[in-house]
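Reading through the structure tokens given below for one structure.
Side-chain atoms are counted along with the backbone in the values below, which use heavy atoms only and exclude waters and symmetry mates.
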Amino acid sequence: MHAIGVDIGGTKIAVGVVDEEGKILAQVRRETDADDVAHIDRAIADACNELVKEHEVSAIGLAAAGFVSPDRTSVNFAPNIAWREYPLAAKVAELVDADLPIVVENDANAAGWAEFRFGAGRDATDMLMLTVGTGLGGAVISERELVRGKWGMAAEVGHMRVVPEGHYCGCGHEGCWEQYASGSALERDAQHAAVARVDQAARLLELSGGEPAEIRGKMVTEAAQEGDPLSVELLATLGRWIGEGSASVAALLDPELIVIGGGVGAAGDLLLGPVRRGFEAQLSAMGHRPVAKIELAEHGNEAGIVGAADLARR
């Protein structure tokens, strides 16, 4: 039976009907306001109602960027959306014109599950998924099972503290891994470099109309692919942070595969090379253990939809 998956972002939601093979049969999008949770509820319900009219579905999965309750009905906290102890499933159910089970999943867990079931991790038994976007999300598959933890908040690897008294994080602490290994970190470092190293930042400033504050991650990737030395360096720094942090996670979980998702994956080997080098440089017992493979995700921006739908159906 088909299921609906909803990937909820701060400014938009993507909603799709997904079959049992992980294929999206139909998809719609809606704009949202991160500070207006009622508007998000209505946008989700409106999109689901549109799809339910045309497709027979058995469940709805909501992929939410936040700390999800263990019963998978609520979002206890979200750094970038105004959810606090928010009964998301119940709120959406009130607005959906069908009596369907609704399951809330952490968005990184949903993306990781999509890669494990239908993507880069389909042959793995133990996998770490890192979603490198505005923040850094994580998902852990252990012995073919999604690890949620006692209270549903496992795999929030982006909030491991890696730099004491480091950059402030939206979770309320300082020095979290996501402040150094995310698309936001790449943009911050690129913007700072454009001010401090103007001569070397000529290409980035050209792409951003001469405004350092307008530099975005995709500009860094574009310039790096053209051979711009500063942009290559910035991606290498990001990759090193991802790789070194992954080695710390591997010390605890020993995955056979690490999958890198998110928009930065467009950089390809310009990112993967530094990730792999950083990982091996910090991996404990290097030379006396197997080294996890590190690959790019296959599902791109649709992973949250696919994973949320599949988990809801299960």
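Between G265 and L296, the closest heavy-atom pair is O-CD1, 3.5 Å. Shown here for A45 and V92, the closest heavy-atom pair between the two residues is CB-O, 4.4 Å. Taking every heavy atom of both residues into account, A224 and S231 meet most closely at N-CB, 3.5 Å. Of all non-hydrogen atoms in A194 and A201, the two that sit nearest each other are CA-CB, 3.6 Å. Between G307 and A114, the shortest heavy-atom contact is N-CB, 3.6 Å. The nearest pair of heavy atoms linking A181 to V132 is O-CG1, 3.9 Å.
Follow the hydrophobic side-chain contacts under 4.5 Å out from I258 and you reach M160 in the same cluster. There is a path of hydrophobic side-chain contacts, each under 4.5 Å, that joins V96 to V28.
No side-chain donor-acceptor contact under 3.5 Å links D269 to the backbone of L272. Side-chain atoms of Q27 never come within 3.5 Å of backbone atoms of G16 as a donor-acceptor pair (strictly under, hydrogens ignored). Proximity of a side-chain donor or acceptor of E115 to a complementary backbone N or O of A120 within less than 3.5 Å is detected. Between the side chain of S69 and the backbone N or O of S74, at least one donor-acceptor pair lies under 3.5 Å. Remark: side-chain polar atoms of E256 are paired, donor with acceptor, to backbone N or O of D126 under 3.5 angstrom. Within the 3.5 Å criterion, the main-chain N or O of D97 finds a donor-acceptor partner in the side chain of N49. Formation of a donor-acceptor pair under 3.5 Å by the T131 side chain with backbone atoms of G261 is not found in this model. Checked by atom type and distance alone, the side chain of Y180 pairs as donor or acceptor with a backbone atom of H167 at under 3.5 Å. Distance alone, capped at 3.5 Å, places no donor-acceptor pair between the E226 side chain and the T221 backbone. In this structure a side-chain-to-backbone donor-acceptor pair under 3.5 Å is missing from R240 to R277.
For the residue pair N106/E156, the side-chain donor-acceptor check at 3.5 Å is satisfied. Side-chain contact of E31 with T11: a donor-acceptor pair under 3.5 Å is absent, judged by distance alone.
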Subject >> salt bridge (charged side-chain N to carboxylate O under 4.0 Å, His left out) assessment of E105 paired with R148 >> reply: CA-CA 10 Å; E105 286 288 351; R148 292 191 178 90; 2.6 Å; yes

Original post:
Given S284 and R289, is the side chain to side chain donor-acceptor pair (under 3.5 Å) satisfied, shown in steps?
Top reply: CA-CA 9 Å; S284 57; R289 62 182 293 174; 3.2 Å; yes

**OP:** Determine, step by step, whether K218 and E187 satisfy the salt bridge (charged side-chain N to carboxylate O under 4.0 Å, His left out) criterion, reporting the C-alpha distance in whole Å, the side-chain angles of both residues, the deciding distance to 0.1 Å, and the verdict.
**Re:** CA-CA 9 Å; K218 63 182 181 180; E187 290 184 0; over 6 Å; no

**OP:** Decide side chain to side chain donor-acceptor pair (under 3.5 Å) for S248 and Q282; before the verdict, give the C-alpha distance in whole Å, the side-chain angles of both, and the deciding distance to 0.1 Å.
**Re:** CA-CA 8 Å; S248 294; Q282 296 299 319; over 6 Å; no

Original post:
Yes or no on salt bridge (charged side-chain N to carboxylate O under 4.0 Å, His left out) for D310 and R117, after CA distance, side-chain angles and deciding distance?
Top reply: CA-CA 9 Å; D310 195 62; R117 287 272 286 138; 2.9 Å; yes

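At a threshold of 4.5 Å between non-hydrogen side-chain atoms, the residues V15 and R29 do not count as touching. Here the side chains of E233 and L235 are not in contact, with every heavy-atom distance at 4.5 Å or above. I305 has its side chain out of reach of V6: every pair of non-hydrogen atoms, C-beta onward, lies at least 4.5 Å apart. Between H192 and R197, the closest side-chain pair of non-hydrogen atoms is not below 4.5 Å. Counting only heavy atoms from C-beta outward, the side chains of E298 and F118 never approach each other to under 4.5 Å.
With V220 as reference, I215 is the one residue of V264, I215, V232 to meet the side-chain contact (heavy atoms from CB on, under 4.5 Å) rule. Screening V162, V275, L186 for a side-chain contact (heavy atoms from CB on, under 4.5 Å) with W241, the sole residue that qualifies is V162. Between L88 and the options V37, T73, I8, a side-chain contact (heavy atoms from CB on, under 4.5 Å) holds for only I8.
The distance from the CZ atom of R276 to the CD1 atom of I260 is 9.5 Å, given to the nearest 0.5 Å. Rounding to the nearest 0.5 Å places CD1 of I141 at 4.5 Å from CG of L146.
Between F67 and F77, the angle of the ring planes lies from 30° to 60°, which puts this pair in the tilted group.
Between E50 and R30, at least one side-chain N (NZ, or NE/NH1/NH2) sits under 4.0 Å from a carboxylate O, which counts as a salt bridge.
The number of heavy-atom neighbours closer than 6.0 Å to CG of N301, taken from other residues, nucleotides and ligands shown, is 12 or below.
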